[in-house]
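Shown next, in C-alpha cells, is the structure this report addresses.
Sequence lines set the chain letters: A, B, ... in the order given, protein chains first and strands last, and positions in each chain run from 1.
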Amino acid sequence: MRLSRYFLPVLKETPSEAQIVSHRLMLRAGLIRQHAAGIYNWLPIGYRVLRKIEQIVREEQDRSGAIEILMPTIQTAEVWKESGRYDDYGKEMLRIVDRHDRDMLYGPTHEEVVTDIFRSMVKSYKDLPKNLYQIQWKFRDEVRPRFGVMRGREFLMKDAYSFDLDEASARRAYNRMFVAYLNTFARLGMKAIPMRAATGPIGGNLSHEFLILAETGESGVFVHKGMLEKTVPANVDFDGDLQPIVDDWTSLYAATDEMHDASNEAELGDNLVSARGIEVGHIFYFGTKYSKPMGCKVVGADGQDVELHMGSYGIGVSRLVGAIIEASHDDAGIIWPESVAPFKVGLINIKPGDAATDAVAEDLYAKLEAAGVEVLYDDRADERAGAKFATADLIGLPWQLVVGPKGVAAGVVELKNRRSGEKVEMSVEAALAKLTA
RNA sequence: CGGGGUGUAGCUCAGCCUGGUAGAGUGCCUGCUUUGGGAGCAGGAUGUCGGAGGUUCGAAUCCUCUCACCCCGACCA
C-alpha cells in the first residue's frame, strides 16, 4: 500500500478525551475515531489489526474443534424472558421496540439464542458434544464507558458455547477451550495468565479469566513467579487428554484482586508477584443454567431426556487491540507483535523525486508486494524524513526499511527493528531476504 | 447511578470573572527556501463560540433549561 493513496489520519497532539496510553495511541495513530461514548469507528490500520486478531482467534477455535456460526445482533426479548434474564440484566441491556411493538434488544451475549438454536435442531446424544462459536459485535450499555476500546459499549467478541451430556464431558470441552486460549494468546504475542474466577451459583473451580499483564491494567493480580515462565505446548491433540496441560497452568497461585486471599501471601513469599492485568478472556462452565429453563435437552442412549451441560467462552477481540498496545508500546508509539501488525514493513522513501532513491524504493516495494509481504510504502513527496520516521514509530510496524540517497549511493538500505530500535545497513538483496524469510 | 469537570477552527487551548468587531499554536491551502528524526519565511482559507430560551441597545461572556463528552467512585469482555 502506498501511503500517498492510503487513509492514515495521524494526530500530532493527543485528543483530550483519551486518558490511558492505548486509547491515546489508537487515536493518534489513526486506528479509531470515536462516534459516541464507547462506540468507535475503525479506521484502516485499526481495522486491519482487528481482523488479524479475529483471524487468529478463529483459527485457534477451529483447531480446537469448535464450529463457527453467526447469530444476530438484534434478538427477541422472548428467549431472555424464558431464561429469566430479561428482568435481571438491567439497564446494561439496550432494549429496542420494533414497529410491531415487540420487545427486542441488541445482544449483550448469546447464551439464550444459541440454546434456542440447539434445542430446536439437536435431538440426540449422538450429536454431542458440540461447541458453537461466533465472532460478533455486541452491545452493553455501560454506565460509564472508558479507556477507548478496552471498555466500550459496542465491542467485538468471540463467544463459544459448548453442549455436553454430562459434567465430565463438559469438563473436557472446558479444557479444550482453556488450551485453545493459551494457544491464541501466545500467537497474539501476549503472555496471558489464567486465573481462577468467581463461578457464581454453580460453584466448583470451572471458571477462569485470562489476563494480559500490563502496568495500566484494570485489575490488580497476584501471581506466583512461576506462572510467568510457563510455556504453551506445541501441536496439542485436542482429542487427547488435556487435563495435564490445564493442571500445569493452574498449579501455581494466580488470582485477581477480587479473588485474592491475602493469607496465601506468606506462603508464597518471594515467589509472589503483584502486578496489574487486563481481562481478555473468560471461560466458564454453568451446567444446566440455561438448558433447564429453556428446555434444551436431547434423548440419551437409554431413551431418556437429558438436560445439556453447557459452558461459555469469551474473548474480547476489540478489547485485545487496546490490551496489546497497553502491553507493547514505548514513548514514540505502538510496537505491534508481528502476528497482528497492520503491515509487516514500513518502507520509507526518504527523498521521493531523487531518481536513484525512487528506483530502489519502487523496486523494493514491488518485490515485497510480489513476495506477499504486507508493506506500507511511505512515498509521500510532501513530508520530510523526520515526519516519516515519527509516523512509522507511532504506528508501530515491526520493521522500517529506510531508503535514502546516501545509502543508495553506497549500495545499502537501512533496516530498523521497531521493538529493539536496532538499525542495520545492508544490501537491498539482504534486506529482501530478511523480510521475505 | 452518585460526585466533579469541560463544550470556542480538523487537533490542543486562550478569551468568560469585569457584556462592546472571535483569537493563538498546530494542522490545512499557495509560493519560495529547505530536505536522514515531526523544517524556515511569507501569504491564505477555516467557526451555527454544543443547543434552546431569557436579560440587555448589544451575549462566547450574565441567568434558566437542555444535550453531549470527559474524570473519580460503584459496575463489567
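Remark: side-chain polar atoms of Y161(A) are paired, donor with acceptor, to backbone N or O of H110(A) under 3.5 angstrom. Judged by distance alone, with hydrogens and angles left aside, the side-chain atoms of S318(A) form a donor-acceptor pair with the main-chain N or O of L156(A) at under 3.5 Å. Counting only distance, with no hydrogens or angles, the side chain of T288(A) and the backbone of S291(A) share no donor-acceptor pair below 3.5 Å. In terms of modelled atom types and a separation under 3.5 Å, the side chain of D354(A) and the main chain of T357(A) share a donor-acceptor contact.
For C70(B), neither phosphate oxygen OP1 nor OP2 lies less than 4.0 angstrom from any side-chain nitrogen or oxygen of S16(A).
Using a 4.0 Å heavy-atom cutoff across all strands shown, G353(A) reaches no nucleic acid atom at all. Using a 4.0 Å heavy-atom cutoff across all strands shown, E13(A) reaches at least one base atom of the nucleic acid.
You won't find any donor-acceptor pair under 3.5 Å spanning the side chain of R140(A) and the base of C76(B), going by distance alone. Between the side chain of R151(A) and the base of C75(B) there is at least one donor-acceptor pair of N/O atoms closer than 3.5 Å.
Rounded to a whole Å, the CD atom of E111(A) is 11 Å from the P atom of A77(B). When rounded to the nearest whole Å, the span between NE2 of H23(A) and P of C69(B) equals 13 Å. The separation between Q134(A) atom CD and A77(B) atom P is 17 Å, rounded to whole Å. Rounded to an integer number of Å, the gap from CZ of R146(A) to C1' of G4(B) is 14 Å. Counting to the nearest Å, the C1' atom of C75(B) and the CG atom of D141(A) are 13 Å from each other. Whole-Å rounding puts the E17(A) CD to C71(B) C1' distance at 13 Å. One atom, CE of M150(A), and another, P of C71(B), lie 12 Å apart when rounded to the nearest Å. A straight line from CG of L211(A) to C1' of C76(B) spans 13 Å, rounded to a whole angstrom.
Remark: G2(B) base-pairs with C72(B); criterion is Watson-Crick or G-U wobble with both hydrogen-bond distances under 3.5 Å. Base pairing of U12(B): its partner is A24(B), meeting the Watson-Crick or G-U wobble criterion (both donor-acceptor distances under 3.5 Å). Base pairing of G31(B): its partner is C41(B), meeting the Watson-Crick or G-U wobble criterion (both donor-acceptor distances under 3.5 Å). Partner assigned to G7(B) is C67(B), using Watson-Crick or G-U wobble distances below 3.5 angstrom. With a 3.5 Å ceiling on both atom-pair distances, the Watson-Crick or G-U wobble partner of C62(B) is G54(B).
Under the 6.0 Å distance and 45° angle rule, R95(A) counts as a cation-pi partner of Y86(A). Judged by the 6.0 Å and 45° rule, R51(A) forms a cation-pi pair with Y47(A). Figure legend: R171(A) and Y285(A) shown without cation-pi pairing, the cationic atom not lying both under 6.0 angstrom from the six-membered ring centre and within 45 degrees of its axis.
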Below 3.5 Å between N/O atoms, which protein atoms pair up with nucleotides 1-3 of chain B? Just atom names and distances, please.
| from | atom 1 | to | atom 2 | distance (Å) |
| --- | --- | --- | --- | --- |
| C1(B) | OP1 | K91(A) | NZ | 2.5 |

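Residues from residues 34-55 of chain A lying near RNA chain B, meaning a heavy-atom separation below 4.0 Å, are Q34(A), A36(A), A37(A) in numerical order.
Nearest heavy atom pair, residue G38(A) against residue P145(A), reads CA-CB, 3.7 Å. Nearest heavy atom pair, residue L347(A) against residue A361(A), reads CD2-O, 3.5 Å.
Between the CZ atom in F389(A) and the CD1 atom in I350(A) there is a gap of 3.5 Å [rounded to 0.5 Å].
Under 4.0 Å is where a charged nitrogen must lie from a carboxylate oxygen, and between E218(A) and R319(A) at least one such pair does.
Comparing G44(B) with G4(B), their P atoms are spaced 47 Å from each other, to the whole Å. A24(B) and C41(B): their P atoms are spaced 16 Å apart (whole Å). Here the separation of U8(B) from A14(B), taken at their P atoms, is 10 Å to the nearest Å.
Nearest-nucleotide mapping onto RNA chain B: of H282(A) and D382(A), the residue sitting toward the 5' end is D382(A).
For the salt bridge (Lys or Arg N to Asp or Glu O under 4.0 Å) with E338(A), the qualifying choice from K52(A), K344(A), R187(A) is K344(A), the only one to do so.
Note: Y40(A) and H23(A) have perpendicular aromatic rings, judged against thresholds of 30 and 60 degrees for the angle between ring planes.
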If the sugar-phosphate is the primed atoms plus P, OP1 and OP2 and the base is the rest, what is the B/S/- string for nucleotides 31-39 of chain B, using protein heavy atoms under 4.0 Å? ---BSBBBB
